[in-house]
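Heads up: the structure comes next, in structure tokens.
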Amino acid sequence: MDADAYPQEVLADEEPKYLRRQKPLEIKRRKFGRRAWSSYFRVTVWVVASGAAAFAAYESGRFLLYAPQLALLHPEQVVLAGNHFVESARVREIFAADRGKSVLRIPLDQRRRQLESLPWIEQATVRRALPNRIEVEIKERVPVAFLREPGEMALIDAHGVILDRPLEGDFHFPVIAGIASDMALEDRATRMQLYSGFAQQIESVHAGALDRLSEVDLSDEHDVRATLTGLGGSSAAGDSAGAPVVVHFGDGDFASKYQTLVNDIAQWRAKAGPVESVDLRFNREAVVNQDLTAAQPQPVKRMAAPQPLANRAAGSRASVAKHPAAKLAKPGKHVKKPT
């Protein structure tokens with residue numbers, strides 16, 4: 001159909017409205033005001049200040065971590081306190097890996113653990129002293145006895161830690177036997193706790209009792225076997241009052257047993273002759289020279305409890321009362337078994 005056949009006004013009425021042109025909207029743009037400029041200024045100042053602060057922090061950190069003024073350059077910058085037997089060179093050697101570093105970069109906890117791994121050091125405190133020093137405060141272990149080892153004599157503390165004997169140092173201790181370096185530390189500590197209790201108790205009975213103690217055998221953790229001298233008393237055979245006596249104290253009640261030993265040793269020597277060993281492990285009785293009898297060759301049989309007799313010349317063991325209140329064991333009476 002030809003469009004020219006229709007009137008133009010008809011076609012104009014049928015034209016869709018959405019095709020008609022709309023009047024454009026006018027958009028108003030605001031110009032910068034005082035508030036906008038103030039906000040932009042604050043943001044700019046904050047960004048600049050933050051950047052300056054970050055740069056200053058970076059430079060300060062770099063100075064503190066790498067500046068030569070804070071570096072550990074010489075061994076003498078490690079200052080020691082509290083060491084008497086620990087060599088200063090041995091301590092400063094641990095900080096050799098930190099030479100040339102800033103003191104702020106030194107791992108203090110790690111160095112403290114390394115120091116405490118040395119046998120003589122029980123506790124160590126490590127701290128920085130600006131600008132360029134390290135201060136080390138040491139608490140050394142306290143030896144309480146000599147330790148008999150194959151080919152040498154070492155020292156040992158109350159916790160069972162074995163210490164090398166320093167070149168300088170004047171020690172007066174009893175000798176401990178029955179502890180070896182290949183023992184577990186827990187086993188050595190258990191035996192040394194037994195010895196410490198023994199030493200404290202006998203010293204509480206008589207001041208200076210440790211001066212009479214020459215050697216302690218801790219091979220048996222249930223028996224303190226001590227060699228004592230200068231106990232007093234003389235036998236009819238004329239043995240010296242200062243002759244050494246091996247005493248079995250067991251594992252407890254050391255004060256009472258030592259008091260009995262001191263009080264009755266003269267009586268035992270007078271009645272039983274020379275006294276070389278005393279066993280105080282039995283209940284209310286002391287067996288004299290049991291070690292000598294046990295050392296004699298005997299047939300293999302089940303051992304009976306020792307029979308204390310007053311006549312030593314007949315080849316029997318002499319037994320006397322352990323406590324002052326107890327009486328001499330009668331001939332033929334069996335000694336009670338150890339408790």
Side-chain angles (χ1 to χ4, degrees), residues 42-147 149 152-171 173 181-189 192-193 196:
R42 285 197 299 267
V43 171
T44 303
V45 170
W46 183 86
V47 171
V48 172
S50 300
F55 179 77
Y58 171 78
E59 290 297 326
S60 300
R62 183 178 179 82
F63 173 81
L64 293 175
L65 295 178
Y66 300 101
Q69 294 86 343
L70 301 177
L72 188 70
L73 301 176
H74 307 287
E76 293 74 17
Q77 291 175 250
V78 179
V79 182
L80 307 182
N83 62 311
H84 302 286
F85 302 112
V86 179
E87 297 181 0
S88 300
R90 182 68 184 90
V91 174
R92 290 180 172 129
E93 182 182 349
I94 293 178
F95 293 88
D98 302 316
R99 301 280 173 79
K101 294 182 180 179
S102 170
V103 294
L104 299 177
R105 298 171 58 196
I106 297 177
L108 299 185
D109 288 340
Q110 181 179 349
R111 298 296 177 259
R112 176 185 55 80
R113 289 192 295 268
Q114 289 178 278
L115 289 171
E116 292 177 350
S117 66
L118 299 179
W120 266 99
I121 297 180
E122 181 177 1
Q123 185 177 359
T125 302
V126 183
R127 55 180 174 265
R128 300 180 181 91
L130 297 177
N132 56 5
R133 291 190 305 165
I134 293 292
E135 294 180 350
V136 178
E137 186 174 348
I138 293 174
K139 179 182 178 183
E140 293 182 335
R141 296 188 182 275
V142 179
V144 296
F146 288 107
L147 178 65
E149 289 194 309
E152 61 180 354
M153 193 76 73
L155 294 168
I156 190 168
D157 75 344
H159 304 289
V161 178
I162 300 175
L163 310 171
D164 296 331
R165 291 185 65 181
L167 298 178
E168 299 180 357
D170 187 15
F171 301 102
F173 297 131
S181 57
D182 57 355
M183 277 185 177
L185 180 59
E186 292 77 9
D187 294 337
R188 299 201 303 264
M192 288 307 298
Q193 288 174 3
S196 297

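Residues take their numbers from the sequence shown, with the count starting at 1. Note: hydrogens, waters and symmetry copies are ignored here, and every other heavy atom, side chains too, is used. Note that this is a predicted model, so its numbers are computed, not measured.
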To check you understand the geometry: which heavy-atom pair defines the closest contact between [X] and [Y], and what is its length?
X: N83; Y: S88; answer: ND2-OG, 3.3 Å
X: E116; Y: Q123; answer: OE2-CA, 3.7 Å
X: Q77; Y: N132; answer: NE2-O, 2.5 Å
X: E149; Y: A154; answer: OE1-CB, 3.9 Å
X: P166; Y: F85; answer: CG-CD2, 3.6 Å
X: H159; Y: E122; answer: NE2-OE2, 4.3 Å

Output yes when a side-chain donor or acceptor of [X] lies under 3.5 Å from a complementary backbone atom of [Y], and no otherwise.
X: R112; Y: V126; answer: no
X: R141; Y: L163; answer: no
X: W120; Y: D164; answer: yes

Kindly indicate whether the side chain of [X], heavy atoms from C-beta on, has any atom under 4.5 Å from the side chain of [Y].
X: I106; Y: L72; result: yes
X: R90; Y: L118; result: yes
X: V91; Y: L115; result: yes
X: I134; Y: V79; result: no

(Q) Determine whether E140 and V86 satisfy the following criterion, side-chain contact (heavy atoms from CB on, under 4.5 Å), listing intermediate values before the conclusion. (A) CA-CA 8 Å; E140 293 182 335; V86 179; 3.3 Å; yes
Q | Full working for salt bridge (charged side-chain N to carboxylate O under 4.0 Å, His left out) between D98 and R111 | A | CA-CA 10 Å; D98 302 316; R111 298 296 177 259; 2.8 Å; yes
Q: Classify the ring geometry between F146 and F171 as parallel (under 30°), tilted (30 to 60°) or perpendicular (over 60°).
A: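 Taking F171 first and then F146, their aromatic rings stand perpendicular (interplane angle over 60°).
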Q) In this structure, are over 12 heavy atoms from other groups packed under 6.0 Å from E168 atom CD? A)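 Count not over threshold, so no.
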Q: For L130, look at atom CG and say whether over 12 heavy atoms of other residues, nucleotides or ligands are found less than 6.0 Å away.
A: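 Check passes, neighbour count above 12.
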Q) Do R113 and Q110 meet the criterion of a side-chain donor-acceptor pair at a distance under 3.5 Å? A)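 There is no such pair (donor and acceptor under 3.5 Å, judged by atom type) between the side chains of R113 and Q110.
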(Q) Less than 4.0 angstrom from a charged side-chain N to a carboxylate O is my criterion; do R127 and E137 meet it? (A)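 So R127 pairs with E137 through a salt bridge.
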Q: Please round to the nearest 0.5 Å and tell me the distance separating atom CG of L155 and atom CG of L147.
A: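 Separation between the atoms: 8.5 Å.
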Q | Identified side-chain contact (heavy atoms from CB on, under 4.5 Å) partner of M192 from the options V144, D157, D187, V161 | A | V144
(Q) R133 vs E135, test: salt bridge (charged side-chain N to carboxylate O under 4.0 Å, His left out). Steps then yes/no. (A) CA-CA 7 Å; R133 291 190 305 165; E135 294 180 350; 3.8 Å; yes
